[in-house]
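What follows is a short report on a single structure.
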Amino acid sequence: QVHMVESGGGLVQAGGSLRLSCAASGSIFRLNTMGWYRQAPGKQRELVAQITSSGRTNYADSVKGRFTISRDNAENTVYLQMNSLKPEDTAVYYCNGNYKPYSYSDYRNLDWGQGTQVTVSS
C-alpha cells in the first residue's frame, strides 16, 4: 500500500515561513484530491488545506491568507507554503488523499505517512 512521505518541517520563529512537500512512497499513476492535515499534541487531526486534481483549493479558516497548497501533477507531489507562522500552527503535518496505482484502477485511499514536525516558537 502506498503512503505519502512528508518533508520540510522544522523549527521556525513566529512570523517565519516553511514549505512542506510530500511525494508518494512508491510508483503510482495519479493523485486525486489531496489534503494537508495537522495534529497538535492532545488534539484531533484536522484538515488545513485541500486541492483537487484540477487545482481548486480550500482552506481552514485558521490558515486562510497564510498557507498556500499547490501540486505538481507530473511529479505526483503536493506542497504547502506556510507564511506568517504562529505558535498555534505547531503540529505534525501530514499529506493524504487518494490515488490510482494504475491508469485502469479505481481511486484508492493512501495510508497515513509519518508526517513532518513543524514547531513555531514565540
Side-chain angles (χ1 to χ4, degrees):
Q1 185 71 354
V2 179
H3 62 273
M4 301 300 282
V5 179
E6 300 90 352
S7 62
L11 173 63
V12 64
Q13 287 190 330
S17 299
L18 284 172
R19 188 187 193 218
L20 307 183
S21 302
C22 67
S25 62
S27 176
I28 65 170
F29 175 69
R30 181 181 295 161
L31 295 173
N32 194 23
T33 296
M34 295 295 296
W36 279 98
Y37 300 75
R38 67 186 181 188
Q39 187 166 21
K43 294 190 177 181
Q44 288 193 328
R45 191 172 295 174
E46 62 172 345
L47 176 66
V48 296
Q50 194 171 51
I51 186 167
T52 68
S53 58
S54 61
R56 191 170 68 246
T57 60
N58 65 74
Y59 299 91
D61 288 343
S62 59
V63 307
K64 274 182 186 175
R66 300 188 298 121
F67 290 10
T68 302
I69 189 171
S70 60
R71 63 192 294 160
D72 182 336
N73 289 334
E75 297 293 328
N76 285 319
T77 302
V78 184
Y79 304 97
L80 185 69
Q81 178 67 44
M82 305 187 296
N83 298 330
S84 302
L85 282 161
K86 303 175 181 180
E88 51 264 43
D89 294 319
T90 295
V92 179
Y93 284 71
Y94 303 87
C95 172
N96 209 334
N98 46 55
Y99 75 108
K100 279 192 179 188
Y102 309 103
S103 61
Y104 51 83
S105 333
D106 292 332
Y107 280 106
R108 301 177 185 177
N109 292 330
L110 289 158
D111 282 345
W112 289 98
Q114 295 295 311
T116 186
Q117 175 71 47
V118 171
T119 303
V120 185
S121 63
S122 56

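Position 1 is the first residue of the sequence; numbering continues from there. Note: hydrogens, waters and symmetry copies are ignored here, and every other heavy atom, side chains too, is used.
Rounding to the nearest 0.5 Å places CG of L110 at 9.5 Å from NE2 of H3. Summarising the geometry, atom CG belonging to N58 is positioned 8.5 Å from atom CD1 belonging to I69; distances are rounded to the nearest 0.5 Å. Atom OG1 in T52 sits 7.0 Å away from atom CZ in R71 (nearest 0.5 Å). Rounded to the nearest 0.5 Å, atoms OH (Y94) and CD (E46) are 12.5 Å apart. With values rounded to the nearest 0.5 angstrom, M82 atom CE is found 4.5 Å from L18 atom CG. Atom OG of S121 and atom CD of Q13 lie 5.0 Å apart (nearest 0.5 Å).
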> Should I51 and T33 be marked as a side-chain contact (heavy atoms from CB on, under 4.5 Å) after you check the CA-CA gap, both sets of side-chain angles, and the distance that decides it?
Replying inline: CA-CA 6 Å; I51 186 167; T33 296; over 6 Å; no
>> What verdict does the side chain to side chain donor-acceptor pair (under 3.5 Å) test give for T77 and D72, after you've listed the backbone C-alpha separation in whole Å, the side-chain angles of each residue and the deciding distance to 0.1 Å?
In response: CA-CA 5 Å; T77 302; D72 182 336; over 6 Å; no
> Is there a side-chain contact (heavy atoms from CB on, under 4.5 Å) between Y37 and N96 once you walk through the steps?
Replying inline: CA-CA 8 Å; Y37 300 75; N96 209 334; 4.0 Å; yes
>> Under the criterion side-chain contact (heavy atoms from CB on, under 4.5 Å), I'd like the reasoning laid out for M4 against M34: C-alpha separation, chi angles, the key distance, then a yes or no.
In response: CA-CA 10 Å; M4 301 300 282; M34 295 295 296; 4.0 Å; yes
> Given T116 and S7, is the side-chain contact (heavy atoms from CB on, under 4.5 Å) satisfied, shown in steps?
Replying inline: CA-CA 6 Å; T116 186; S7 62; 5.5 Å; no
> Going through the checks in order, is the side chain to side chain donor-acceptor pair (under 3.5 Å) test met by Y93 and R38?
Replying inline: CA-CA 4 Å; Y93 284 71; R38 67 186 181 188; 3.0 Å; yes
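Taking the side chain as every heavy atom from C-beta outward, C22 and V78 approach each other to under 4.5 Å. At least one side-chain heavy atom of Y99 sits under 4.5 Å from a side-chain heavy atom of V2. Side-chain contact check for Q114 versus V5: every heavy-atom pair is 4.5 Å or farther apart.
V92 and L85 are assigned to two separate hydrophobic clusters, defined by single-linkage of ILVMFWY side chains at heavy-atom distances under 4.5 Å.
A ring-centre distance under 6.0 Å is not found for W36 and F67.
The minimum heavy-atom distance linking S122 with A14 is given by the pair CA-CB, 4.4 Å. Annotation for V118 and G9: closest pair CG2-CA, 4.1 Å, computed over non-hydrogen atoms. For the pair S17 and Q81, the tightest heavy-atom approach, listed with the atom from each and the gap, is CB-NE2, 4.0 Å. Across every non-hydrogen atom of A49 and L80, the tightest pair is CB-CD1, 4.1 Å. Taking all atoms of both residues into account, the shortest heavy-atom contact from N73 to S53 is ND2-O, 3.3 Å. Shortest non-hydrogen contact noted between A60 and L47 is CB-O, 3.7 Å.
For the pair R19 and Y79, the cation sits on the ring face: its NZ or CZ lies under 6.0 Å from the ring centre, inside 45° of the axis. Figure legend: K100 and Y107 shown as a cation-pi pair, the cationic atom lying under 6.0 angstrom from the six-membered ring centre and within 45 degrees of its axis.
A salt bridge is defined here as a Lys NZ or Arg NE, NH1 or NH2 lying under 4.0 Å from an Asp or Glu carboxylate O, and D89 with K86 fails to meet this definition.
Although no hydrogens or angles enter the test, the distance criterion places a donor-acceptor pair under 3.5 Å between the side chain of Q1 and the main chain of N109. Without hydrogens or angle criteria, R66 side chain to S84 main chain gives a donor-acceptor distance under 3.5 Å.
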